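Note that ligands are numbered from 1 as they come in the structure, with each ligand's atoms numbered from 1 the same way. The figures here come from the full heavy-atom set of this structure, side chains too, leaving out hydrogens, waters and symmetry mates. This chain uses plain numbering: 1 for the first residue, then up along the sequence. From a predicted model like this one, the values you see are computed outputs, not experimental measurements.
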Amino acid sequence: MNYDIKNESLRTQGKKRIEWALKRMPALEQIRERFKKEKPLKGLTIGACLHVTTETAALALTLKAAGARTLVCASNPLSTQDDTAASLVLDYGIEVFAINAEDNKTYYNHIDAVLKEKPEITLDDGADLVSTIHKRAALGQNVTLPWASTEETTTGVIRLKALQGEGKLLYPVIAINDACTKHLFDNRYGTGQSTLDGIIRATNKLIAGTTVVIIGYGWCGKGAARKAAGMGANVIVCEVDHLKGLEAIMDGFRVMPIKEAAKNGDIFITLTGDIHVLSKEHFPLMKDKAIICNSGHFDVEINIKALKAMSISKKEVKPLIDEYTLKSKKRIYLLGEGRLVNLACAEGHPAEVMDLSFANQALSCEYIAKNYKKLKKEVYKVPDAIDNKVAQLKLKAMGIKIDKLTAEQKKYLSSWQEGT
Ligand code: ADE
């Protein structure tokens, strides 16, 4: 632990906020109660590189309740909630290596601090632990490989599948993102809401009547488009995929290339997972006072270097808002340094939705502990049994009952003959 905690009020605030999140994550709570009794992770060390939020605190406490020593570092330099980190360390005995706005060197020192403890299981959000281990192994350094890892996010899963494709993946990984109870809810409703939340907290801008340009119509983009429309925005979607473009049209949005959207938008949100989606050919086309931000995992989607190079000045005009003035005197406002706007400018996804994602994480850790010897060096889906269990636990916690097939209906579904 290298967190300097002198501020008692920070710790107290963190504790209250963690308790608030815990109360709103009932699926994870049911798992934690079982883990307390069964201790499925007894004696293991778990290293987690996740956004250090109150929801991550709830997951860390679940892993600890299962008997694991749990170490946490940040998966993004701007997303750490220092009050949460302080309380996790002092009130709950979780080892945390993270501080908000840490520089690049500190960020990687913190990753190193977790890896030094040789975790049997690692949890990633963006694949930084896995890629650090793989880079070191490629350099011939002496690294202890985990039994297996989990990966939370779309971007991380893409990186890991690329590693597997090159035949270089050194141990199994479970792609949490690919679970239905993850991406259908966290990406769509979580990113959807928290992206708008980040923009509003940073700018206090009225969304009704503005033109919001959504770049990327995956689950996150779909969520953000729906929320923006729900708040009265006029939504334009930009895509490179024909199917998704068609989907956006049928969902009721305008679809056009970014160069055209650039002239129309008041707020631009990138959610593609790709590099330089907004770049030098787009900035001069934008209106004066256009707002640009990113909700994809890495800060590469907006070409900030190009924006800086073509600007005559840059200044912070409000916390987490940088004003870039172009030669034409047009001003462009960049939120949260182009990092994940929902975590840099707000608190990330609400606890209710992280409940589902982290229930998948907790159950996948248990699955790894039981099955790691049978797993190959591959990226695996979350087992369907876990995905279904998470949905079942959540519905139960919400007090919602659903129907069961009758014996006659089951028989009918398993027969190839039509009629009865
Ligand atoms: N990713 C997005 N929102 C998050 C949250 N609240 N906690 C942890 N990871 C997140």
Checklist entry - Do Asp186 and His349 have side-chain N/O donor and acceptor atoms under 3.5 Å apart? => result yes
Next on the checklist: Give me the residue, atom name and distance of the protein heavy atom closest to atom 1 (N) of ligand 1.
Outcome noted: His51 CD2, 3.6 Å
Item to check | Shortest reach to atom 7 (N) of ligand 1 by a heavy atom, considering only Asp186, Leu340, Leu343, Thr53 | outcome: Thr53
Checklist entry - Quick one: does ligand 1 sit under 4.0 Å from the side chain of Met354, the backbone, both or neither, non-hydrogen atoms only? => result side chain
Checklist entry - Are any of the side-chain nitrogens in Arg201 or Glu347 under 4.0 Å away from the carboxylate oxygens of its partner? => result yes
Checklist entry - Would you call Asp355-Arg24 a salt bridge at under 4.0 Å N-O? => result no
Item to check | Test salt bridge (charged side-chain N to carboxylate O under 4.0 Å, His left out) applied to Glu19 and Lys23, Lys15, Arg17, Lys16, the passing residue | outcome: Lys15
Checklist entry - Would you say Thr56 touches ligand 1, if touching means a heavy atom closer than 4.0 Å? => result yes
Checklist outcome for this item: At under 4.0 Å between heavy atoms, what of Glu152 touches ligand 1? The answer is neither
Item to check | Any N or O of Glu55 closer than 3.5 Å to N or O of ligand 1 | outcome: yes
Checklist entry - Can you tell me which residue and heavy atom of the protein come closest to atom 3 (N) of ligand 1, and the distance to 0.1 Å? => result His349 N, 2.8 Å
Next on the checklist: Can you classify the ring geometry of Trp147 versus Tyr372 as parallel (below 30°), tilted (30 to 60°) or perpendicular (above 60°)?
Outcome noted: parallel
Item to check | Lys370 with Glu366: basic N within carboxylate O range, under 4.0 Å | outcome: yes
Item to check | Close-contact set for ligand 1 against Glu347 heavy atoms, below 4.0 Å | outcome: 6 (N)
